[in-house]
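Following: one structure in structure tokens, then a few remarks.
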Amino acid sequence: MNLEEVPILPRGVRCHYDDVRQTNLLLGPERVVMLSPVEFEILSRINGKRSIQDISTDLATIFSACYQTIQDDVYRYLSDLSDKRLVDFLSD
């Protein structure tokens, strides 16, 4: 995985707002993951067009945070989701 790769949610995986729990969830096959506000901000930017670098730049700008810190966090989070097969990456 590199910073130019474009993350996508695979078939059967989606974000959902749960009215009962009043929180955002990531729903996957036989999985439910409660999302923190930061995790939701990352996932809400996945659209099949934005690279990891684009998402990191956007978040660093919005939150006036250090780009390198944001990039490291986004990369680590998406790597973890990829290991769990909850995020894929478009291949050229």
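The residues of the chain are indexed from 1 along the displayed sequence.
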Problem - Contacts of type side-chain contact (heavy atoms from CB on, under 4.5 Å), residue S79, not counting sequence neighbours - result: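 S79 satisfies side-chain contact (heavy atoms from CB on, under 4.5 Å) with M1, Y75 once adjacent residues are dropped.
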Handout entry: Qualifying residues under side-chain contact (heavy atoms from CB on, under 4.5 Å), relative to D83, sequence neighbours excluded
Key =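 None.
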Exercise for the section: Test I46 against I55 for side chain to side chain contact (heavy atoms under 4.5 Å, CB included), laying out the working first. Expected result: CA-CA 8 Å; I46 293 177; I55 292 169; 4.1 Å; yes
Exercise for the section: Starting from V32, walk the hydrophobic network (Ile, Leu, Val, Met, Phe, Trp, Tyr; side-chain heavy atoms closer than 4.5 Å) and list everyone else you reach, by chain and number. Expected result: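 Same cluster as V32: L25, L27, M34.
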Practice task
Check side-chain hydrogen bond (donor to acceptor under 3.5 Å, both in side chains) between Y67 and all other residues, then give those that pass, not counting sequence neighbours.
Solution key: Q71
Fill in the blank from the handout: Applying side-chain hydrogen bond (donor to acceptor under 3.5 Å, both in side chains) to E5 and not counting sequence neighbours gives none
For [X], the option from [options] that meets side-chain contact (heavy atoms from CB on, under 4.5 Å):
X	options	answer
I42	I70, V74, L35, L81	V74
F40	S36, P37, S44	S44
L86	V33, L43, L9	V33

Handout entry: Note, V13 side chain near P29 side chain (heavy atom, < 4.5 Å)
Key =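 They are in side-chain contact.
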Handout entry: Side-chain heavy-atom pair L59, E41 within 4.5 angstrom cut-off
Key = yes
Salt bridge (charged side-chain N to carboxylate O under 4.0 Å, His left out) pairs, two or more places apart, involving [range]:
range	answer
residues 17-37	D18-R21
residues 54-63	R45-D58, R50-D58
residues 66-75	D73-R76

Problem - Spacing of CG belonging to D80 relative to CD belonging to E39, to within rounding of 0.5 Å - result: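 Rounded to the nearest 0.5 Å, the CG-CD separation comes out at 9.0 Å.
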Practice task
Check whether more than 12 heavy atoms from other residues, nucleotides or ligands sit under 6.0 Å from atom CD of Q22, and answer yes or no.
Solution key: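 Counting neighbours around CD of Q22, 12 or fewer heavy atoms of other residues, nucleotides or ligands fall under 6.0 Å, so no.
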Problem - Donor-acceptor pair, side chain of S82 and main chain of L78, under 3.5 angstrom - result: no
Exercise for the section: Quick one: closest heavy-atom pair of F89 and I8, and the distance? Expected result: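 For F89 versus I8, the nearest heavy atoms are N-CG1, 4.3 Å.
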